[in-house]
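For reference, the structure is listed below as structure tokens.
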Amino acid sequence: MTGAPATAILWPAVAMASLTFLVWVRLYHLRLGEMARKRIDAQALASAADSARLLLDTRASDNFRNLFELPVLFYAGVLLAAQLGVSDSASLTLAWAFVGLRVVHSVVHCTFNHVMTRFIAYALATLVLIAFWVRLAIALGTA
């Protein structure tokens, strides 16, 4: 299962990390803006419970946390794929599809937050990630 250079599979991971950093910027843009408007002292947000009680706009912070759930399996899979030299077009397509769907999920979550649109992107990304891992398992079995 070779094709492109083994390092080609790492670029989708770089893209996912970039998405995470962009959501982090959005999180603090929204949070600091709301804190300033409501004159909330930073110490008043010392716990997650305090944040939930005082802040209304948690879209970006919710999405930021979500980027450390299933994407962790993506990062591990990409590293395993690079180690095994699995960077064929199917694996790359699956990796980039996962990233693209997670971008859609994050854009929806951080903006208009329509739950069913967000869920569809999330569910499709999860199915793609499962297919990616099945492909890795097959490659591992034949290595």
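Given the structure is predicted, the values throughout are model-derived calculations rather than measurements. Positions are given from 1 along the sequence.
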**OP:** Side-chain contact test, heavy atoms from C-beta onward, threshold under 4.5 Å: evaluate it for Leu55 versus Met35 and give yes or no.
**Re:** yes
**OP:** Determine whether Leu101 and Leu92 fall in the same hydrophobic cluster, where Ile, Leu, Val, Met, Phe, Trp and Tyr are linked whenever their side-chain heavy atoms lie under 4.5 Å apart.
**Re:** yes
**OP:** In sequence, state the C-alpha distance, the side-chain angles, and the governing distance for Leu79 and Leu10, and then conclude on side-chain contact (heavy atoms from CB on, under 4.5 Å).
**Re:** CA-CA 7 Å; Leu79 292 174; Leu10 297 174; 4.2 Å; yes
**OP:** Give, for atom CD1 of Ile9 and atom CG of Asp88, the distance between the pair rounded to the nearest 0.5 Å.
**Re:** 8.0 Å
Original post:
According to a 4.5 Å side-chain heavy-atom criterion applied to Ile, Leu, Val, Met, Phe, Trp and Tyr, with indirect links allowed, do Trp24 and Phe68 form part of one hydrophobic cluster?
Top reply: yes
Original post:
For the side chain to side chain contact (heavy atoms under 4.5 Å, CB included) test, which of Val104, Leu67, Asn63 pairs with His109?
Top reply: Asn63
Original post:
Looking only at heavy atoms, what is the nearest atom pair of Gly77 and Leu136, with distance?
Top reply: O-CD1, 3.3 Å
**OP:** Check the pair Leu54 / Lys38 against side-chain contact (heavy atoms from CB on, under 4.5 Å), numbers first and verdict last.
**Re:** CA-CA 9 Å; Leu54 295 172; Lys38 292 180 174 179; over 6 Å; no
Subject >> Non-hydrogen side-chain atoms of Trp11 and Val99 separated by less than 4.5 Å >> reply: no
Subject >> Val108 with Val115, same ILVMFWY side-chain cluster at under 4.5 Å >> reply: no
**OP:** For the pair Val78 and Met16, evaluate side-chain contact (heavy atoms from CB on, under 4.5 Å) and give the outcome as yes or no after the intermediate values.
**Re:** CA-CA 11 Å; Val78 165; Met16 274 301 299; over 6 Å; no
Subject >> Inter-residue atom distance Arg118.CZ - Phe112.CZ, 0.5 Å rounding >> reply: 10.5 Å
Original post:
With side chains defined as the heavy atoms from C-beta onward, is the minimum distance between Leu80 and Trp133 less than 4.5 Å?
Top reply: yes
Subject >> Exercise: do Asn66 and Arg102 side chains pair donor with acceptor under 3.5 Å >> reply: yes
Original post:
Which distance, rounded to the nearest 0.5 Å, do you find between the CG of Leu32 and the CD1 of Ile40?
Top reply: 11.0 Å
Original post:
Can Leu56 be reached from Leu45 by stepping across I, L, V, M, F, W or Y side chains whose heavy atoms are under 4.5 Å apart?
Top reply: no
Original post:
Which atoms form the tightest heavy-atom contact between Arg135 and Ser91, and what is the distance?
Top reply: NE-OG, 3.2 Å
Original post:
Which pair of heavy atoms, one from Ala60 and one from Val23, lies closest together, and at what distance?
Top reply: O-CG1, 3.6 Å
Original post:
Under a single-linkage definition using a 4.5 Å side-chain heavy-atom cutoff for Ile, Leu, Val, Met, Phe, Trp and Tyr, are Val128 and Val86 assigned to the same hydrophobic cluster?
Top reply: yes
**OP:** Could you tell me which non-hydrogen atom of Thr58 sits nearest to which non-hydrogen atom of Ser61, and how far apart they are?
**Re:** O-OG, 3.1 Å
Original post:
Roughly how far, to the nearest 0.5 Å, is CG of Leu19 from CZ of Phe64?
Top reply: 10.5 Å
Subject >> Qualifying side chain to side chain donor-acceptor pair (under 3.5 Å) pairs, either residue in residues 40-51, two or more places apart >> reply: Ser47-Asp50, Asp50-Arg53
Original post:
What is the distance from atom CG of Asp62 to atom CG of Asp57, rounded to the nearest 0.5 Å?
Top reply: 9.0 Å
Original post:
At what distance, to the nearest 0.5 angstrom, does OG1 of Thr142 lie from CG of Leu84?
Top reply: 8.5 Å
**OP:** Examine distances only and state if a side-chain atom of Ser87 and a backbone atom of Pro5 form a donor-acceptor pair shorter than 3.5 Å.
**Re:** yes
Subject >> Sequence neighbours excluded, every pair satisfying ring pair (Phe, Tyr, Trp, His ring centres under 6.0 Å) that has a member inside residues 73-93 >> reply: Phe74-Phe98
Subject >> Trp96, CH2: over 12 other non-hydrogen atoms inside 6.0 angstrom >> reply: yes
**OP:** For residues Leu70 and Thr126, determine if any side-chain heavy atom of one lies less than 4.5 Å from a side-chain heavy atom of the other.
**Re:** yes
